[in-house]
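Contents: one structure, followed by commentary.
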Amino acid sequence: GNSVTQMEGPVTLSEEAFLTINCTYTATGYPSLFWYVQYPGEGLQLLLKATKADDKGSNKGFEATYRKETTSFHLEKGSVQVSDSAVYFCALSDLYGGSQGNLIFGKGTKLSVKP
Amino acid sequence: DGGITQSPKYLFRKEGQNVTLSCEQNLNHDAMYWYRQDPGQGLRLIYYSQIVNDFQKGDIAEGYSVSREKKESFPLTVTSAQKNPTAFYLCASSLAGSYEQYFGPGTRLTVT
């Protein structure tokens, strides 16, 4: 079945460091891919998305490129800030699940950025 | 402002009691979802509903029940049959056929 695998955390970086959070997927067909962010004690917010191969999603300095050949959607940011501390979830659209609209989430990667 | 509200933010119950978590949205979304979040487990789908008066079980529906009598509302009942109910519960919604889900702030349920 479809699945998402994220790098295990926690990830601890100093402010202004480069961030990469790895995400790989297994899927039938051509799913859409998403990154969501969850700040402490809150719900999830959509950070960025890509709907087809080679698409690059970007938002708030974060980027991720849909790589079909490596089945990956790694999240990157050139210079992280303390305010980026959160849990990041990679997700894909479950095209062949029970119904359209369902997402499959990775387990999340906690990022802590130190001043 | 459009959005999803969940209430209360924190909920405490004694073992053996049923408890209902509220989820309301004013985004005019057709689809609504309930997830459970446990540390290190990511999000697991409990129930989802694509239209009013219809809903389907997700991956971990046992011990839970839902209703969808209105488009705006999708309450979740955690029954006494749920063996490990303590968790963070998230409600989400989306337009019909869209994979872009919008999440509420969550309810943290503690059962002792």
Side-chain angles (χ1 to χ4, degrees), chain A residues 1-11 21 23-25 27 29-52 55 57 59 66 73 86-110, chain B residues 3-10 21-25 27 29-51 54-61 68 74 87-109:
Chain A
N2 294 351
S3 65
V4 175
T5 302
Q6 285 181 239
M7 65 185 286
E8 290 192 18
V11 174
I21 300 179
C23 171
T24 57
Y25 67 89
Y30 302 94
S32 295
L33 299 173
F34 305 82
W35 276 101
Y36 280 83
V37 59
Q38 183 180 34
Y39 298 103
E42 299 183 7
L44 276 67
Q45 302 174 24
L46 179 64
L47 182 59
L48 53 85
K49 66 179 181 181
T51 58
K52 61 182 187 298
D55 266 2
N59 186 25
Y66 189 164
F73 193 54
V87 180
Y88 292 83
F89 291 91
C90 185
L92 64 81
S93 54
D94 188 9
L95 298 177
Y96 299 99
S99 181
Q100 269 202 325
N102 288 5
L103 293 172
I104 294 173
F105 287 87
K107 293 189 176 182
T109 303
K110 183 175 182 179
Chain B
I4 301 177
T5 57
Q6 292 185 243
S7 60
K9 190 167 180 64
Y10 299 95
L21 281 61
S22 167
C23 177
E24 304 276 334
Q25 55 97 1
L27 299 168
H29 284 173
D30 300 286
M32 297 187 74
Y33 310 82
W34 274 106
Y35 294 92
R36 170 181 172 138
Q37 185 178 18
D38 297 283
Q41 295 275 346
L43 275 69
R44 292 183 288 171
L45 183 64
I46 304 173
Y47 268 98
Y48 61 98
S49 168
Q50 298 292 321
I51 57 172
D54 189 38
F55 49 82
Q56 285 77 40
K57 294 181 179 180
D59 300 320
I60 56 164
R68 186 84 187 278
F74 191 41
F88 190 52
Y89 290 88
L90 287 160
C91 179
S93 70
S94 70
L95 291 169
S98 171
Y99 293 102
E100 192 168 326
Q101 294 184 13
Y102 293 77
F103 284 79
T107 292
R108 186 166 297 281
L109 173 65

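Lettering follows sequence order; numbering is per chain, from 1.
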(message) Quick check against the 3.5 Å criterion: does A/Tyr36 have a side-chain atom that pairs as donor or acceptor with the backbone of B/Gln101?
(response) yes

(message) If I measure from the heavy atoms of chain B, does A/Leu46 come under 4.5 Å with its side chain, its backbone, both, or neither?
(response) side chain

(request) Could you pull out the closest heavy-atom pair between B/Phe88 and A/Glu42, with the gap in Å? (result) CE2-O, 3.7 Å

(message) Please find the pair of heavy atoms, one from B/Phe103 and one from A/Leu44, that lie closest to each other, and give the distance.
(response) CB-O, 3.2 Å

(request) Below 4.5 Å from any heavy atom of chain A, which atoms of B/Lys57 appear? Answer side chain, backbone, both or neither. (result) neither

(request) Using a 4.5 Å cut-off on heavy atoms from C-beta on, say whether the side chain of B/Gln37 contacts that of A/Phe89. (result) yes

(request) Return the option, out of A/Glu8, A/Lys107, A/Gln45, A/Gln6, with the maximum number of heavy-atom pairs under 4.5 Å with chain B. (result) A/Lys107

(request) Counting only heavy atoms closer than 4.5 Å, note whether A/Gln38 contacts chain B via side chain, backbone, both or neither. (result) side chain

(message) Could you report the tightest heavy-atom contact between B/Tyr33 and A/Asn102, atom names first, then the distance?
(response) CE2-OD1, 3.3 Å

(message) Does the plane of the ring in A/Phe34 sit parallel, tilted or perpendicular to the ring in B/Tyr99? Use 30° and 60° as the thresholds.
(response) tilted

(request) Please indicate whether B/Gln41 has more than 12 foreign heavy atoms, meaning atoms of other residues, nucleotides or ligands, lying under 6.0 Å from its CD. (result) yes

(request) Among the options B/Ala92, B/Gly42, B/Gly104, pick out the one with the most heavy-atom pairs lying under 4.5 Å from chain A. (result) B/Gly42

(request) Using side chain to side chain donor-acceptor pair (under 3.5 Å) as the criterion, list what pairs up with B/Asp38, not counting sequence neighbours. (result) B/Arg36, B/Arg44

(message) List the residues meeting side chain to side chain contact (heavy atoms under 4.5 Å, CB included) with A/Ala50, not counting sequence neighbours, and say none if there are none.
(response) A/Asp55, A/Tyr66, A/Phe73

